[in-house]
Protein chains: 2
Amino acid sequence: MGDENEIIANQNKGEYYVPYYQIPIDKFFQFGLSVDCVVFGYQHGSLKVLLIKRGAEPFKGQWALPGDLVYPNEDIEVAARRILYDLTAIDNLYLEQTRVYGQVDRHPIGRVITIGYYALINIENYNPKASAWADSVFWIDVNKVPDLAFDHNQILSQALKTLRYRVRQRPVGFELLPEKFTLGHLQELYEALLNEPFDKANFRKKILSMNMLSNLKENQKDVPHRPARLYSFDKNRYDQLKSKGFSFEL
Amino acid sequence: MGDENEIIANQNKGEYYVPYYQIPIDKFFQFGLSVDCVVFGYQHGSLKVLLIKRGAEPFKGQWALPGDLVYPNEDIEVAARRILYDLTAIDNLYLEQTRVYGQVDRHPIGRVITIGYYALINIENYNPKASAWADSVFWIDVNKVPDLAFDHNQILSQALKTLRYRVRQRPVGFELLPEKFTLGHLQELYEALLNEPFDKANFRKKILSMNMLSNLKENQKDVPHRPARLYSFDKNRYDQLKSKGFSFEL
DNA sequence: CCAAAAGTGTTCATTCTACACCCATGG
DNA sequence: CCATGGGTGTAGAATGAACACTTTTGG
């Protein structure tokens, strides 16, 4: 948001009527718009989601997804990034729209349409931060999410479904890992995300055959077993392959 | 819509402020909401889309997708079905939400968020019908779509992309065909949708091996070549298979 | 008989799956 | 020298692509 006090009016509306029902068009401009973000992180072998305790009415004090109203002159994705920045102090997170939630009675103070987004974050870079609308912020295991305000449980489960889907067909899993990781870490991540085991040998062959990881020629340290090779995701290489028709699939 | 004149107020808003910016919350309730529908049909080997000439301002007289403002007390999908019913006099079309379009300046008379939907229709059941907001209605080949009002070209191409995707992983293609069809018809449909040829033998083996078609034991008539066997999509069978873990893929 | 599309069978290559086995390190 | 995970090879099954061939109808 630039000038958050300059709320634009919809200046031209006066001239218009909805001709077929003879209702002044202003009556149609009563909607509120919000954004709710499902922020996923991965730690200690399990998938977590960032929840807040709401610091404002309605539902003050309850668990909820981070979200906020969109300004009348603010782009939707910009609003989503504003919320994420306020919460994590990180820019440029991986962000994807899921769907719209528009039940007439979903918000107690009026008709508020909300747009669901999910974001992926490398939990090690995370900088916890309460904010204007959140008293406090917690990582919660995705399998232990409590009852949430509004229809946020539904938004969360849709986001999870989209993520599980996406992760099989685009290399987005890496967003959840540190820069350098082992193939074992990567496999554990996929197993946690998809809740299904993979054969080690086959998983490695598949991932490596895609040719989108850089072998860092560097090993793990201080592990009580044979140290594993470290890799990183090579985005340039991937973009190049993609432009040649290759498509990630798992 | 039931009572289209009973536009609800958002009664409880008076009490609320957005505390962190000290802006009265009414300022956030200025959005309009609309729905735009991409209606696909299939005829003579090519995929068509239903376009209208707009009968109301703004963009009166221009080509556009069928769409309308949503009432403040109307559910979004209900609005989409209302539009489709007004246009085609058909209930219960296959309908899927695509995404939200919310550019600040996408609508000339104010901030209107629109929700994209696409619908599939068996063109033989189609009952053309102008309506309050459409002067006239036409089927246009999907490859020959003109410039459309608003951001409708973008909405259309996203819908097409979603359809192409969906059609490979769920048996939705049948929605575009008549009740009874031949495997040749089905193959032509897929070739038109995906713009890629399939091997006849392999296509048949794949489709039939899925076990979701009923062999009607009945043949085509009056064709100048060997008449083909007619099939129909067996939704019960498919649901049964799906519940056992089967998933359509092509 | 011919043209045209329906309908089927086989071969070969590729990919997937399961599983066995060896390797390097810390304790 | 043992426990622990890292890392690789191979055999057999399943799937997919290409293509040739037979069948049935109308003209």
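If you're wondering where the values come from, they're calculated on a predicted model, not measured in any experiment. So you know, we letter chains A, B, ... as the sequences are listed, proteins then strands, and number each from 1.
The separation between A:Arg226 atom CZ and C:dT25 atom P is 8 Å, rounded to whole Å. When the P atom of C:dT15 is taken as reference, atom CD of A:Glu249 falls 12 Å away, rounded to whole Å. Atom CZ in A:Phe198 sits about 13 Å away from atom C1' in C:dC16, given to the nearest Å. Atom pair B:Leu183:CG and D:dT23:P shows a separation of 20 Å (rounding to whole Å applied). Taking atom CG of residue A:Asn219 and atom P of nucleotide C:dA24, one finds them 11 Å apart after rounding to whole Å. Here the P atom of nucleotide C:dG7 and the CZ atom of B:Arg229 are 8 Å apart, to the nearest Å. Rounded to whole Å, atom P of D:dC19 lies 19 Å from atom CZ of B:Arg204.
Contact annotation for B:Ala201: base contact, defined as any heavy-atom pair under 4.0 Å involving a base atom. Counting any heavy atom pair closer than 4.0 Å across all strands shown, B:Lys206 reaches sugar-phosphate atoms only and no base atom.
If you find the closest nucleotide of DNA chain D to B:Asp199 and to B:Asp222, the one lying nearer the 5' end belongs to B:Asp199. Residues B:Gly184 and B:Asn202 each lie close to DNA chain C; by heavy-atom proximity, the contact nearer the 5' end of the strand is made by B:Gly184.
Taking the six-membered ring for Trp, A:Phe181 and A:Phe233 have ring centres at least 6.0 Å apart.
The closest donor-acceptor contact from the side chain of A:Asp199 to the backbone of A:Asn202 lies under 3.5 Å. For B:Asn122 (side chain) and B:Glu175 (main-chain N/O), no donor-acceptor pair under 3.5 Å exists by modelled atom type.
Both tests hold for A:Arg99 against A:Tyr101: distance to the six-membered ring centre under 6.0 Å, angle to the ring axis within 45°.
One N or O donor and one acceptor, one from the side chain of B:Lys205 and one from the base of C:dT10, sit under 3.5 Å apart.
The phosphate of D:dG5 (OP1 or OP2) has no side-chain N or O of A:Lys200 nearer than 4.0 angstrom.
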